[in-house]
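Start at 1 and go down the list; that is how both ligands and their atoms are numbered. Each residue takes its place number in the sequence, starting with 1.
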Amino acid sequence: MTRRTEVTSDLPFLTALRRDFHTHPELGFEEERTSEIVARLLQEAGIEVHRGLGQTGVVGTLRIGNGTRAIGLRADMDALAMPEMAERPYKSTKPNVMHACGHDGHMTMLLGAARYLAKTRNFSGTVHFIFQPAEEGRGGARRMVEEGLFERFPCDAVYGLHNMPGLDIDEMAVVEGPQLASSDSWHVTFRGVGTHGAKPHLGRDPITAAGHFLSALQTIVGRVIDPLQPAVVSACSVQAGNPKALNVIPDLVEIGGTARAYTPTVRDQLETEIGRLAAGTAAMFGIEADYTFQRRIPPVVNHPDATERALSAAQVVFEGKARTQFPPSTAGDDFAFFAENAPGCYVWLGNGPATEGALHHNTRYDFNDDAIASGVDFWITLVEQELEH
Ligand SMILES: [Zn+2]
Ligand SMILES: [Zn+2]
């Protein structure tokens, strides 16, 4: 891989920056120090800065020439509520807060590209550098969209990048179609009539109904969803009765869980079918069922056109090591909300071997600084190709 000299000479600065972010992690919507640094660096590079979108979110806008196309590049800023267990000189100084997903690296790479592009100005059009808060389940992307991100900063395409342990640092996966699953929550409450455990005929037992519901739940994936479409339904919580009152049949059983899918169709089916099963089971046992399905994050599905553009940049930077095949993840990323508003592509940048705890959300994880150069180069190349003179 041949590197741009300006990127190489910025690497010591970027590496120190990444480690500084790592030392001072902040949770979603609390990225005060982090967003301050992001805004200052963008400003120092001569980029127009907008703050306060999604509370701690930052958007940097760089307009060059008279090109009319505009693109958005996303980096996430938040850390996770977990302890860092590995010793390293730049270990987190905050108890139970840790950059265990590499968002410290994501910010660094996007800032590196912004600094370079603002200096070299070798494109024609508009780039919005989007630094989003609260990716880890707190809804940062949705907040930015709801607060007018795309009305204020219209984009013809949006791109997201996430590091991936297990791919080499000179490898990138750019794959059309589903990348990450939808991540939704569901709740069922069976309402029976409580009674003496010895006199079930005087009540309506919701526990027996719940048992039937749970044993039938996997028939949704097994019998209703297209066998060629991945889907997950899991019951993750069951609450009923009291272990100290074993002669009481309770009024209520509350069940909750998660549902995952890679297409809007399957997502809709999961919502409908879990509800149908709950209502059907309740009818069968003569009780009531309340059902809610809470849509949290849509699936991330790479758009063909945006994917082609990202791939053509990856092929320049990673040469033969740009992969077009890579399995999707059952995790979610709220980049999906951005990609609902413009053709989107989400790419996986190699982060080196997945050994010694080098896995996302592991207490020993660390973003691999050797990947910074590749990531910066990818963003730069994407912008220069996407917004060609
Ligand atoms: Zn994560
Ligand atoms: Zn992440």
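- Rounding to 10 degrees gives 120° for the angle at the Zn ion (ligand 2) between NE2 of His103 and NE2 of His162.
- At a cut-off of 2.8 Å, His106 does not coordinate the Zn ion (ligand 2) through any N, O or S atom.
- Side chains of Glu26 and His24: no donor on one and acceptor on the other come within 3.5 Å.
- Aromatic pair His201/His196: centroids not less than 6.0 angstrom apart.
- In terms of distance to the Zn ion (ligand 1), the nearest N, O or S atom of His361 is named NE2.
- The Zn ion (ligand 1) has an N, O or S atom of Cys101 inside 2.8 Å of it.
- Arg115 and Asp10 are joined by a salt bridge, as a carboxylate oxygen and a charged side-chain nitrogen come within less than 4.0 angstrom of each other.
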Go through His50 and Phe153 one step at a time and tell me if the ring-ring contact (aromatic ring centres under 6.0 Å, His included) criterion holds.
CA-CA 10 Å; His50 313 266; Phe153 311 100; 4.6 Å; yes

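- Residue Glu136: an N/O/S atom is found under 2.8 Å from the Zn ion (ligand 1).
- To the nearest 0.5 Å, atom OH of residue Tyr159 and atom CH2 of residue Trp379 are 9.5 Å apart.
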